[in-house]
There are 2 protein chains.
Amino acid sequence: MFSDRDKSYPIELVAEFLGVNSRTLYYYERFSLVVPVRRGRKRYYSKEDISWLEYVREMMYDQGMNLRSIIVLIKRRDDVILTKCPEDVVNSFKNYLMRMED
Amino acid sequence: MFSDRDKSYPIELVAEFLGVNSRTLYYYERFSLVVPVRRGRKRYYSKEDISWLEYVREMMYDQGMNLRSIIVLIKRRDDVILTKCPEDVVNSFKNYLMRMED
DNA sequence: ATAAGTTTTTCACTTTAAGTGAAAATATGT
DNA sequence: ACATATTTTCACTTAAAGTGAAAAACTTAT
């Protein structure tokens, strides 16, 4: 019947829901970070798109990641990243995170 | 006997080898992205540190990732990231990558 | 056909992280 | 104490992310 992949939400509604400028969604589209469907010239997004974008925003704003990194993650989706990271970096990094909790 | 984890290379040598300013290594250290050992007040790095830093530089310069993202990756090392990414984003993103190969 | 209204696109500007130069501070060896 | 080397601090530069405003393109009603 209905699916989270149904593209039925117009850009303004999605932008408002996410609390971003609709220009930001156009901007993301340039990198294929989200792919709305076009009916006529209008863009429509799915629920899945919306939750993906929420996740992207969280990665960017809560974590401070940049767009490029998310793009790299998509590209390397199935790869193992960071195998080269030394243990003492991981340990010391945990301390860094502790310090930052202030 | 000797190990890639032996911290024996001074900062200037490492910086020169990597082609970066030694200030950059101090900068990375603030985020625990690399953890030299201190003998007296001098810093010493291991071969493992150096290849880790090479990898970090590659992620940043070849891929355009930022420091924060690498930090997030360390933090989430064992997590599955990007499970929320919709398939059509992955597909469309592949086209985007193709377009960029010019 | 054209006027009115929407959506999209473009241009230029703002903000922030990453990086660096230079000077000041700190430590080491003689 | 002095000379030298390393570290730390401050202020500046550069580039990506995001946005405001205007122009362009398209749609629809009269």
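Below, read A as the first sequence line, B as the second, and so on, with proteins coming before strands; counting in each chain starts at 1.
- Between A:Lys7 and A:Asp49, the closest side-chain pair of non-hydrogen atoms falls below 4.5 Å.
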Side-chain donor-acceptor distances from residues 16-25 of chain A under 3.5 Å, at least two apart:
residue : atom : partner : partner atom : Å
A:Asn21 : OD1  : A:Arg23 : N            : 2.8
A:Ser22 : OG   : A:Glu12 : OE2          : 3.3
A:Thr24 : OG1  : A:Asn21 : O            : 3.4

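- Taking the centre and axis of the six-membered ring of A:Tyr44, the NZ or CZ atom of A:Arg38 falls outside the cone set by 45° and 6.0 Å.
- The distance from atom CE of B:Met60 to atom P of D:dA15 is 14 Å, rounded to the nearest whole Å.
- Side chain of A:Lys42, nearest nucleotide from C:dA18, C:dT7, C:dG21: C:dT7.
- Note on B:Thr24: every side-chain N or O is 4.0 Å or more away from OP1 and OP2 of C:dA18.
- Nearest to the side-chain atoms of A:Leu67 among the listed nucleotides C:dT7, C:dG19, D:dA17 stands D:dA17.
- Under 4.0 angstrom from either OP1 or OP2 of D:dG18 there lies at least one side-chain N or O belonging to A:Arg57.
- When the ring-ring contact (aromatic ring centres under 6.0 Å, His included) test is applied to A:Tyr27, the partners found at least two apart in sequence or on another chain are A:Phe31.
- For B:Tyr27, the side-chain atoms get nearest to C:dA17 when compared with the rest of D:dG18, D:dT6, C:dA17.
- When rounded to the nearest whole Å, the span between OH of B:Tyr26 and C1' of C:dA22 equals 14 Å.
- Phosphate contact (OP1/OP2 of D:dG20, side-chain N/O of A:Asn21, threshold under 4.0 Å): present.
- One interatomic measurement links the two molecules: CD of B:Glu16 to P of D:dT6, which rounds to 13 Å at whole-angstrom precision.
- In summary, the side chains of B:Arg43 and B:Tyr9 do not present any donor paired with an acceptor at a separation below 3.5 Å, with no hydrogens or angles considered.
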Using nucleotides 26-30 of chain C, report all nitrogen or oxygen pairs with the protein that are shorter than 3.5 Å.
residue : atom : partner : partner atom : Å
C:dT26  : O2   : B:Arg41 : NH2          : 2.8
C:dA27  : O4'  : B:Arg41 : NE           : 3.1

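- Here the CE atom belonging to A:Met60 is positioned 11.0 Å from the CG atom belonging to A:Leu53, to the nearest 0.5 angstrom.
- The distance from atom CD1 of A:Ile11 to atom C1' of C:dT9 is 12 Å, rounded to the nearest whole Å.
- Per the geometry, CZ belonging to A:Arg23 stands 15 Å off P belonging to C:dC13, to the nearest Å.
- Rounded to whole Å, the distance from CZ on A:Arg68 to P on D:dA17 is 7 Å.
- Following rounding to the nearest Å, A:Arg43 (CZ) and D:dA25 (C1') show an atom-to-atom distance of 13 Å.
- For A:Tyr28, taking side-chain heavy atoms from C-beta onward, the closest of the listed nucleotides D:dG18, D:dT9, D:dT8 is D:dG18.
- Distances shown here put a side-chain N or O of B:Tyr61 below 4.0 Å from the OP1 or OP2 atom of C:dG19.
- Note: CZ (B:Arg39) to C1' (D:dT7) measures 17 Å, nearest angstrom.
- Applying the side chain to side chain contact (heavy atoms under 4.5 Å, CB included) test between A:Met65 and each of B:Ile71, B:Ile70, B:Val72 identifies B:Val72 as the sole match.
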